[in-house]
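For reference, the structure discussed in these notes is given below.
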Amino acid sequence: MVLSWRIKNRLLLDLQDLFSQHKLIPYNFIKFKGILPWDYSAKQDKLLKTVANEYRSLTEKAAVSSQTLTKYVGSGVSDRAAKNAMSSELGGELRKVYVLFSDLRGFTHMTEQIKPEETVEILNKMFTAMEEVITQNGGDINKYIGDAIMAFFRRPYGNEGETAKMVLRTAMRMQDKFEIINQTFKVAYSQPLSIGLGVGVTAGEAIMGNLGSANRMEFTLIGDTVNMASRLCGVAKHGQVLVNEEMAQAAKDHFEMTPLPPMQIKGKSEMQTPYLVQGERLARSV
């Protein structure tokens, strides 16, 4: 009996040390130094309950951190990108993507007319409405840039017609949703507002990964496909969705599109032909 008690006593103390080394018990836990036979069960229960409570607390904190991370960088961050961030690893991978940019027309004039807190409220309402449309259709918002949204969609290899259709449906629904909330913007603030929304969408390849420094980085996409989406968005008038030629080819079976006159796009050496999305084609009857 004495030998059995000494073995149990040693095992419990070793287990306590192991939990302490791995921070599974709080720093202020009163550690056991010697355990009498009649105290063994009580001490064991206390140690295990403490570990269980600490583990539960760590799990809850991890869940909150994960939710916070998703809010700041989006759910599209891959496991690999997250692991690279944890190890301060910069770099990315070339991926096929659709990139969508939207921003407000008349935003600067609006900020001159209304109170700063009203500007913030308008942006938050607009971002919330657009985010709902984008995520419901499989997209991920990468970042908010002033009054602009940068989002992306995974682009499949091979037959991409259905995915391209969903991306352009997203862009058109963003315009529809904006028209609805814009009606409230016109009458709900200290000055009547006149703002609009332009959208640019491109299909292509982009580097997706961690960009920045070892101490401060962000998960993002870079490349010509991203730049072109931003430029097309800048050219688009209120209510318009402009796409590049590769996107037009990917979605031509599902959407009516009109080529605009070739124009000089900043950063491009050759003239570019944007395509204006007119609307979805009617389904053909069999």
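Keep in mind that this is a model prediction, so the values were computed, not measured.
- Using cut-offs of 30° and 60° for the angle between ring planes, the F178 and F185 rings count as perpendicular.
- Summarising the local packing, CD of E270 is surrounded by 12 or fewer heavy atoms from other residues, nucleotides or ligands at distances under 6.0 Å.
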**OP:** Before giving the answer on side chain to side chain contact (heavy atoms under 4.5 Å, CB included), spell out for M174 and L100 the whole-Å C-alpha distance, their side-chain angles and the decisive distance to 0.1 Å.
**Re:** CA-CA 11 Å; M174 287 172 66; L100 181 152; 3.8 Å; yes

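- No more than 12 heavy atoms of other residues, nucleotides or ligands sit less than 6.0 Å from atom CG of N159.
- The shortest distance between side-chain heavy atoms of R281 and E256 falls below 4.5 Å.
- Interatomic distance, CD of E205 versus CZ of R95, reported as 11.5 Å (0.5 Å rounding).
- Counting all heavy atoms, side chain and backbone alike, T273 lies closest to P259 at CG2-CB, 3.9 Å.
- Note that CG of N137 is 10.5 Å distant from CD of E132, once rounded to the nearest 0.5 Å.
- F153 and L242 are not part of a single hydrophobic cluster, where members link through side-chain heavy atoms under 4.5 Å apart.
- Taken from CE in M247 to OH in Y275, the straight-line distance is 13.5 Å, to the nearest 0.5 Å.
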**OP:** Might you work through the side chain to side chain contact (heavy atoms under 4.5 Å, CB included) test for T163 and R155, ending with a clear yes or no?
**Re:** CA-CA 7 Å; T163 308; R155 185 180 176 189; over 6 Å; no

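- Within the 4.5 Å cutoff, no side-chain heavy atoms of F101 are placed close to those of T202.
- Residues A236 and G198 approach most closely at CB-CA, 4.1 Å, considering heavy atoms.
- In the hydrophobic clustering of this structure, L211 groups with L94; members are Ile, Leu, Val, Met, Phe, Trp, Tyr whose side-chain heavy atoms approach within less than 4.5 Å, directly or through other members.
- A heavy-atom distance below 4.5 Å is not found between the side chains of R105 and K237.
- The closest side-chain heavy-atom distance from V226 to T220 is not below 4.5 Å.
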Subject >> Derivation of the side chain to side chain contact (heavy atoms under 4.5 Å, CB included) call for M130 and I141 >> reply: CA-CA 10 Å; M130 298 301 104; I141 292 178; 5.9 Å; no

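- Across every non-hydrogen atom of V201 and A171, the tightest pair is CG2-CB, 4.1 Å.
- Within the 4.5 Å cutoff, no side-chain heavy atoms of V235 are placed close to those of L260.
- The main-chain N or O of Q240 is found under 3.5 Å from a side-chain atom of Q175 such that the two form a donor-acceptor pair.
- With a 4.5 Å cut-off on side-chain heavy atoms, E179 and H238 count as touching.
- Screening K115, E118, E121 against Y189 for a side chain to side chain donor-acceptor pair (under 3.5 Å) leaves a single residue, E121.
- Looking at I195 and M126, their side chains never come closer than 4.5 Å, going by heavy atoms from C-beta outward.
- Taking hydrophobic clusters as Ile, Leu, Val, Met, Phe, Trp and Tyr residues chained together by side-chain heavy-atom distances below 4.5 Å, M257 does not share a cluster with L232.
- Under a 3.5 Å cut-off, the side chain of R231 and the backbone N or O of G200 do not form any donor-acceptor pair.
- Residue I149 forms a side chain to side chain contact (heavy atoms under 4.5 Å, CB included) with just one option from D103, L104, I134, and that option is I134.
- Nearest heavy-atom pair, P274 versus P261, reported as atom, atom and distance to 0.1 Å: CD-O, 4.1 Å.
- Panel note: side chain R154, backbone G138; no donor-acceptor pair is recorded below 3.5 Å.
- Y144 is not listed as a side-chain neighbour of L123, based on a closest heavy-atom distance of 4.5 Å or more.
- Minimum interatomic distance between L197 and S102 (heavy atoms only, all atoms of both residues): CD1-CB, 4.1 Å.
- A distance-only check finds no donor-acceptor pair linking the side chain of T258 to the backbone of L276 [under 3.5 Å].
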**OP:** List the steps, then state whether side chain to side chain contact (heavy atoms under 4.5 Å, CB included) holds for Y98 with T225.
**Re:** CA-CA 8 Å; Y98 304 105; T225 301; over 6 Å; no

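- By the criterion of side-chain heavy atoms lying less than 4.5 angstrom apart, applied directly or through intervening Ile, Leu, Val, Met, Phe, Trp or Tyr residues, M166 is not grouped with V277; the two fall into different hydrophobic clusters.
- Cluster annotation: M228 and V99 are assigned to distinct hydrophobic clusters (Ile/Leu/Val/Met/Phe/Trp/Tyr, side-chain heavy-atom contacts under 4.5 Å, transitive).
- For the atom pair CG (D147) and CZ (F127), the distance works out to 6.5 Å, reported to the nearest 0.5 Å.
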Subject >> Intermediate values then yes/no, salt bridge (charged side-chain N to carboxylate O under 4.0 Å, His left out), D253 and K165 >> reply: CA-CA 9 Å; D253 292 336; K165 178 174 71 173; over 6 Å; no

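- E131 CD to T135 OG1: the interatomic distance, rounded to the nearest 0.5 Å, is 4.5 Å.
- Considering CE of M172 and CD of Q278, their distance stands at 8.0 Å, rounded to 0.5 Å.
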